[in-house]
Amino acid sequence: MSPLAKLLEAALFASSRPVPMDELRTLDADATGEDVERELAALRAHYDDPEAGHAFELVEQGGGWQLLTRAEYTEAIERAQLAQRPQRLSAASLETLAIIAYRQPIGRAEIEEIRGVSVGGVLKALLERGLIDITGRSEGLGRPLLYGTTPSFLEQFALRHLEELPRADELAVALRANPTAL
Amino acid sequence: MSPLAKLLEAALFASSRPVPMDELRTLDADATGEDVERELAALRAHYDDPEAGHAFELVEQGGGWQLLTRAEYTEAIERAQLAQRPQRLSAASLETLAIIAYRQPIGRAEIEEIRGVSVGGVLKALLERGLIDITGRSEGLGRPLLYGTTPSFLEQFALRHLEELPRADELAVALRANPTAL
Amino acid sequence: MTAALSPAAEAAPSTFVVELPEFSGPLDLLLTLIRDERLDVYDIPIARVAEQFLARISHLALDEAADYLEMAARLLRIKAQLLLPRSGDEEGWEDPRAELVRRLLEYQQVREVVEHLDRLGEERRERFVRGATTWAPALPAGVPPLALSLTELLSAVDRVLRVAREPTVHDVVARALDVAGAITTVRGVLALRQRTRWTDVVGSDAEPWQILSVLLALLEMAKLGELRLLQPKPFAVVEIARESPGEAA
């Protein structure tokens, strides 16, 4: 492993969140962006090696790079109570989150119009979990608060950026092609 | 690396504290204490290898085993964090911070009353940022936590003490004087 | 939304009971109905769907079911509009179901995204992040330092004060519907009079939550057979008549 690879590994290992490329690049003033990318690829290959490989892997998500344990160890770790998975989100939370992800910044009334139910409690829970944040106020009547997703949302759903979500028109096409399948 | 070594690596990676020997043993019902000790030694040797070694090491401390980044990388990582492009606080965070600054010590319910929305996520982010801290508990029902600004808050705004906040008297009164209008 | 099934519903196990957590809202229930009955979303037989929808929500605790009842009212309104004679001008006629279809399709898109997100989230939940950090860093790793200025802080104070001083803005408090209270009111009026009118049970200064509460109360009471709702002609004031006239004093 090269000295730069080790330095990158140290930074990734020290962080429990995705480390942005900007930050990885400033670790070594002499290294170019290309160097960093090459060494990240080398690290990834090293961790994935079937022989000398590791129980964690390097993934790009949530606006940066992150080390995560492999899924095959999750059950044993949870059984031994060494770490706990976050709770699964309810359908109501996921629907609200999906609407915010696509329509942000969006106000509460608009979300309720789409879902057909009131969403006060769900919004509060999503705020507390750090998946959404208040991003401003609308200019409309009463200046309602507007919500948007956070970097932590990307991280929790293993997305590199919002554009990785299926495009709305892709969904619409799928819908029109087979209307009776609803 | 043996399957048991990989399982140990995953568990040590995911745990947020040193893991005692007897907990490591519960990871694999088929493994004896000797097996676990042998594999821990193998992991340590693997991480310390001058050629194929890693930027982290396996140490026994605090009544258990723990993976830690090697000390030699600490400085570079801290420097990289500091070199990051400064980020701005969201409008919601600034408003909450302003209320806390001028009315501290103040409880969450009071802040929510003034802002008209739940502030759990925002408080958490400000706490993580080290801009506010829990300064005590109110005498009121349920003894809610009280928040105040930190020395780091003063540093951010280049203030020597809170009395240097502009219009402190006037704004503290304004924020207090109007509870019924809220 | 949590389900609070009424004791009456539990006592009648033979009837179909909707467990609310099963559905994330009225649109979800509606889509399920359409799917179960293999209906064409572009040509919904409203009368049939409205009937089934009402049947499925008939055992919900009322105050929890406000969102569902609002949809029920919407379905009944569409049904009524479809029954109105068309004014010969086929060109200008707009299918009253169009808005509902648009909402259902939009909601179906949301459900597609939800499936996608759920799958991603589950995969991600299978993996742990690094638990411990080597030292206590001044900042959480990966979080850049802050750019803050006193000017920003002061304008935040101004924003807070501006909003705090507009009571009209802050008086917008989400209010739970009081359907039970409205039922009591309507029963009170009908105890005195055989017939009454919408405008007698809803004051001219009623707030939206009060209007909606009375609407839901009337629908519920009509369903229970306590009263009949009559509208002599479109847009006329709704008349409310006590059912079981034999008992009238």
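Residue numbering restarts at 1 for every chain, and letters A, B, ... go by the order of the sequence lines. Here the structure is a predicted model, which means the values were calculated and not measured.
- A salt bridge is absent between A/Arg70 and C/Glu123; no separation between the charged side-chain nitrogens and carboxylate oxygens falls under 4.0 Å.
- The closest side-chain heavy-atom distance from A/Ser118 to C/Asp67 is below 4.5 Å.
- Chosen from A/Leu97, A/Ile77, A/Val122, A/Leu82, the residue pairing most often with chain C at heavy-atom distances under 4.5 Å is A/Ile77.
- Not one N or O on the side chain of C/Arg124 forms a donor-acceptor pair closer than 3.5 Å with the backbone of A/Gln156.
- Under the 4.5 Å side-chain criterion, counting only non-hydrogen atoms from C-beta, A/Glu95 is in contact with C/Tyr107.
- Put simply, of C/Leu120, C/Leu27, C/Leu117, the one with the most heavy-atom pairs under 4.5 Å next to chain A is C/Leu117.
- Side chains of C/Gln109 and A/Tyr102: a donor-acceptor N/O pair is absent below 3.5 angstrom, by distance only.
- Residue C/Arg119 does not touch chain A at all, counting heavy-atom pairs closer than 4.5 Å.
- In this structure, the side chains of C/Glu126 and A/Glu72 stay at 4.5 Å or more apart for every pair of heavy atoms.
- Of the two parts of A/Leu67, only the backbone, made up of N, CA, C and O, holds a non-hydrogen atom closer than 4.5 Å to a non-hydrogen atom of chain C.
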Review point. Could you walk me through whether A/Gln84 and C/Phe128 pass the side-chain contact (heavy atoms from CB on, under 4.5 Å) check?
Key: CA-CA 8 Å; A/Gln84 219 185 0; C/Phe128 291 115; 5.6 Å; no
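- Only the side chain of A/Val59 comes within contact range of chain C, judged by heavy atoms closer than 4.5 Å.
- Atom CD of C/Glu115 sits about 11.0 Å away from atom CG of A/Leu94, to the nearest 0.5 Å.
- Under the 4.5 Å side-chain criterion, counting only non-hydrogen atoms from C-beta, A/Glu113 is in contact with C/Arg103.
- Under the 4.5 Å side-chain criterion, counting only non-hydrogen atoms from C-beta, C/Asp118 is not in contact with A/Phe157.
- Within 6.0 Å of CD in A/Glu78 there are more than 12 heavy atoms belonging to other residues, nucleotides or ligands.
- Of all heavy-atom pairs between A/Thr74 and C/Arg125, the closest is CG2-O, 4.5 Å.
- Comment: C/Asp28 does not engage A/Arg115 in a salt bridge, judged by the lack of any side-chain N to carboxylate O separation of less than 4.0 angstrom.
- A heavy-atom distance below 4.5 Å is found between the side chains of C/His116 and A/Leu165.
- Heavy atoms closer than 4.5 Å to chain C are found in the side chain of A/Leu159, but not in its backbone.
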Exercise for review: For A/Ile114 and C/Glu106, run side-chain contact (heavy atoms from CB on, under 4.5 Å): C-alpha distance rounded to whole Å, both residues' side-chain angles, the deciding distance at 0.1 Å, then the answer.
Suggested key: CA-CA 7 Å; A/Ile114 297 173; C/Glu106 184 177 50; 3.7 Å; yes
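- A/Gln66 touches chain C through its side chain: at least one heavy atom from C-beta onward sits under 4.5 Å away, while N, CA, C and O do not.
- Between chain C and the options A/Ser90, A/Pro86, A/Pro144, heavy-atom pairs under 4.5 Å are most frequent for A/Pro86.
- What you find for C/Gly25 and A/Val117 is that their closest heavy atoms are CA-CG1, 3.5 Å.
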